[in-house]
Amino acid sequence: MTDRVKPRLSRGLRDLLPEDMLARQWMVDTIRGVYENYGFSPISTPAIEYLDVLTGSAAGTEAQGSIFGVSNPEEEQLGLRFDLTVPLARVMAQHRQLPRPFRRYQVASVWRADKPDKGRFREFTQFDLDSVGTVSEIADTEIIAGMCDTLTALKVGGFRVRYSSRGILNALLTFAEISPDQATDVFRVLDKLDKVGFEKVKLELTSGYQDRSGDVIRGLGLGESQVDRIHRFLGVRAEARQDVVTQLEELFSGVEGAEEEVRAVERISGHLYSLGYGDDQVALDLSIARGLAYYTGPVFEAHLTEAPQFGSVFGGGRYDGLVMRFLGEKVPATGASIGVDRLLAALQHLGRVGGKRTTSEVLVLNMDPSLESEVLGLTFELRRAGISAELYLGKGRNVGKQLKYADRTGVPLALLLGSDEKARGVVTLKDLEAGREKSAEVEKREDWIQARPGQREVPREGLAGTIRELLAEIGS
RNA sequence: GCCGAGGUAGCUCAGUCUGGUUAGAGCGCCUGACUGUGGAUCAGGAGGUCGGCGGUUCGAGCCCGCCUCUCGGUACCA
């Protein structure tokens, strides 16, 4: 009869329970460690920005449809940020006292009102790394190296960072005689090469086609010689970055402005080679376009070789025009953003993270009312010795119930202090994992109870030290 | 946005074609057997506006219409 509210979330939003959250915090801490090792400094900006700040940029124009609007009592035009790069551009324009180059990292939620998909949510976390105020290619090199080091530190298994540049794509436009107003559309189609193959790319560049669900995909109406030149461009592939450079020089010989663009990607490749980032980690791949209206120089993205279906987990590029929107002054910038949620989903899919569901290392059982203050004191004794400990606070006093709780929370150790132990000046420690293994072989309940797997009595004296040794031994 | 398939217990689903008393199963959850030992087993229990609104009918989880959400594909993706 009561009008209960149905507990629910709007589409594309989700809760993160302890198991997810612990894995995620490990990821964030690991990423932060790499970024700080590179000497980048943290900033934070509000989730809410003025709508014109968000939509003013080239990125914002594309983004308008997917910005979440926000209302305030003053009825101002506000929205939730959809990335961390636009707010960074605002910060650079607003806080003129910041030293340049300004090298910052930021980890925060962003929101996009898109259709949700696998590993793709309406609220998600980005972890960005950017250098603002330098045209140096070393800055771009650092970002790429940082991507490699981050993915290595996260133990993602195989990965490949691929890069190209907007300048190379511009040279393609000249080479294939494509008009600048078609550039964005052409880049968007090229970006699909990996996914759909050249035949479909060709159709979409020319006449369009109907996909198998009956949806009409419009063509761009390019001519045969244009498509042929694009085909030759895309044919420039090689395992070694230097081979790609060589082939590209040949293809673009005589194309106006191409020489300098090829030199630029070659210099980045050279820096990377000398730092030990070989062709196995970083590839020069001309098919990546990233469909990004605001990138002006190198663009980069990373995939996991063991989970390519999760798409790009880390991407970025140089955007020399973005701050101009606020300052009227050209401020060069380059950076990358890691999709924490998508990468977490991929790592969970690969079984490389997870399992841990609590921060507690020891659950202290609360069995005998007359010993309650003693076990409470014991719990704090462990905490003060730096061991994460939890006292059972549920209402049932029986051991079975409390061990069941221990099992379900995933805590590695249980500590029993009842009247038996008290009388003898000991406590009982129980390694829960040992029981999990044992339970598979035991059939009769009596045997199970009597086996008391992983259990031992230890002296009450020096307990913290004993527990620390035991935790190290069982690897928790 | 477009095409298709779905929505029944916390989860996975049966029942819908052929409308008929209190709507089912497995898993999970709670309680107990087992009063100081997790698992297994057995017994019992809680849990449902059958996605929503309207229509047809004596009667709708089932038939009809609209809406909504989810899933798959596709498009988009800063």
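Bear in mind the structure is a predicted one, so any value in this text is a computation, not a measurement. Every chain is numbered from 1 and lettered A, B, ... according to where its sequence line falls, protein lines coming before strand lines.
- Taking the side chain of A/Arg188 as heavy atoms from C-beta on, and the options B/C69, B/G36, B/A75, the nearest nucleotide is B/A75.
- Note on A/Arg120: a base of the nucleic acid sits closer than 4.0 angstrom, heavy atoms only.
- In the set B/C76, B/G38, B/C29, B/G38 carries the atom at the smallest distance from any side-chain atom of A/Ile449.
- B/C27 and B/U70 are spaced 22 Å apart, taking the C1' atom of each and rounding to whole Å.
- Relative to the side chain of A/Lys404, the nucleotides B/U37, B/G39, B/U31 differ in distance, and B/G39 lies closest.
- Partner A/Ile338 forms a side chain to side chain contact (heavy atoms under 4.5 Å, CB included) with one of A/Leu129, A/Asp128, A/Leu154 and no other, that one being A/Leu154.
- Using a 4.0 Å heavy-atom criterion, one finds that A/Glu421 contacts the bases of the nucleic acid, with or without backbone contacts as well.
- A salt bridge is defined here as a Lys NZ or Arg NE, NH1 or NH2 lying under 4.0 Å from an Asp or Glu carboxylate O, and A/Lys202 with A/Glu199 fails to meet this definition.
- Note on A/Arg436: a base of the nucleic acid sits closer than 4.0 angstrom, heavy atoms only.
- Rounded to an integer number of Å, the gap from A/Asn366 CG to B/U37 C1' is 16 Å.
- Among the atoms of the strands shown, none is found under 4.0 Å from any heavy atom of A/Thr85.
- A/Asp431 comes within contact range of at least one nucleobase, with a heavy-atom separation under 4.0 Å.
- The side chain of A/Lys115 has B/C2 as its nearest neighbour among B/G38, B/C2, B/U37.
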Expected string for nucleotides 40-45 of chain B under the B/S/- scheme (protein heavy atoms, under 4.0 Å, primed atoms plus P, OP1, OP2 as sugar-phosphate) is B-----

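- Of the candidates A/Ile387, A/Val411, A/Thr409, A/Ser360 forms a side chain to side chain contact (heavy atoms under 4.5 Å, CB included) with just one, namely A/Val411.
- For B/U16 and B/G51, the C1' atoms lie 16 Å apart once the distance is rounded to whole Å.
- The side chain of A/Arg112 contributes no N or O atom lying less than 4.0 Å from OP1 or OP2 of B/C77.
- Aromatic ring pairs are classed by plane angle as parallel below 30°, tilted from 30° to 60° and perpendicular above 60°; the pair A/Phe198 and A/His231 is tilted.
- As a whole-Å value, the separation of A/Arg452 CZ from B/G36 P is 11 Å.
- Between A/Arg456 and B/U37 there is no side-chain polar atom (N or O) within less than 4.0 angstrom of OP1 or OP2.
- Remark: B/U16 base-pairs with no nucleotide; criterion is Watson-Crick or G-U wobble with both hydrogen-bond distances under 3.5 Å.
- Residue contacts shown for A/Asp420 include a base, since a base heavy atom lies under 4.0 Å away.
- When both distances must be under 3.5 Å, the Watson-Crick or G-U wobble mate of B/C76 does not exist.
- Distances shown here put a side-chain N or O of A/Lys192 below 4.0 Å from the OP1 or OP2 atom of B/A75.
- In this structure, B/U70 forms a base pair with B/A5, meeting either the Watson-Crick or the G-U wobble geometry with both donor-acceptor distances under 3.5 Å.
- At least one test fails for A/Arg122 against the ring of A/Phe68: distance under 6.0 Å to the centre or angle within 45° of the axis.
- Counting non-hydrogen atoms of neighbouring residues, nucleotides and ligands closer than 6.0 angstrom, the CD atom of A/Glu76 exceeds 12 such neighbours.
- Of the residues A/Val362, A/Leu363, A/Val364, the one that meets the side chain to side chain contact (heavy atoms under 4.5 Å, CB included) test with A/Thr379 is A/Val364.
- Across every strand in view, B/U41 sits in a pair with B/A33 that passes the Watson-Crick or G-U test at under 3.5 angstrom.
- Remark: C1' of B/C34 and CG of A/Leu403 are 14 Å apart, rounded to the nearest angstrom.
- Distance A/Glu204 CD to B/A75 C1': 9 Å, rounded to the nearest Å.
- A pairwise comparison of heavy atoms in A/Leu193 and A/Val201 identifies CA-CG2, 3.9 Å as the closest pair.
- Between the P atoms of B/G59 and B/G54, the separation comes to 15 Å (whole Å).
- The partner of B/G61 is absent, by the rule that a Watson-Crick or G-U pair needs both atom distances under 3.5 Å.
- Residue A/Asp368 contributes atom CG, which lies 16 Å from atom P of B/U35 at whole-angstrom precision.
- Across all strands shown, B/C50 forms no Watson-Crick or G-U wobble pair with both distances under 3.5 Å.
- Taking atom C1' in both B/C30 and B/G73, one finds a spacing of 43 Å when rounded to whole Å.
- Salt bridge A/Glu329/A/Arg100: present, at least one basic N to carboxylate O contact under 4.0 Å.
- One can place CZ of A/Arg342 at 13 Å from P of B/C77, the figure rounded to the nearest angstrom.
- Considering only the side chain of A/Thr428, B/G36 comes nearest among B/G39, B/C77, B/G36.
- Using a 4.0 Å heavy-atom distance criterion, A/Lys430 is classed as a base contact.
- In terms of polar N and O atoms assigned as donor or acceptor, the side chain of A/Gln455 comes within less than 3.5 Å of the base of B/U37 in a complementary pairing.
- Of the C1' atoms belonging to B/G61 and B/G15, the separation is 8 Å, rounded to the nearest Å.
- Between the CG atom of A/Leu432 and the P atom of B/G39 there is a distance of 11 Å, rounded to whole Å.
- Using a 4.0 Å heavy-atom distance criterion, A/Gly418 is classed as a base contact.
- For A/Phe159 and A/Phe314, the gap between ring centers reaches or exceeds 6.0 Å.
- A gap of 28 Å separates the P atoms of B/G47 and B/G38, to the nearest Å.
- With a 6.0 Å cutoff to the six-membered ring centre and a 45° limit on the axis angle, A/Arg408 does not count as a cation-pi contact of A/Tyr405.
- Using C1' as the reference atom, B/C17 and B/C2 are 30 Å apart when rounded to the nearest Å.
- A straight line from CG of A/Leu416 to C1' of B/U37 spans 7 Å, rounded to a whole angstrom.
- When the nucleotides B/G36, B/G38, B/U70 are ranked by their closest atom to the side chain of A/Trp448, B/G38 comes out on top.
- Comparing B/G4 with B/G24, their P atoms are spaced 36 Å from each other, to the whole Å.
- Both distances falling under 3.5 Å, in either a Watson-Crick or a G-U wobble arrangement, place B/G26 opposite B/C11.
- On a pure distance criterion of 3.5 Å, no polar donor-acceptor pair joins the side chain of A/Lys195 and the base of B/G73.
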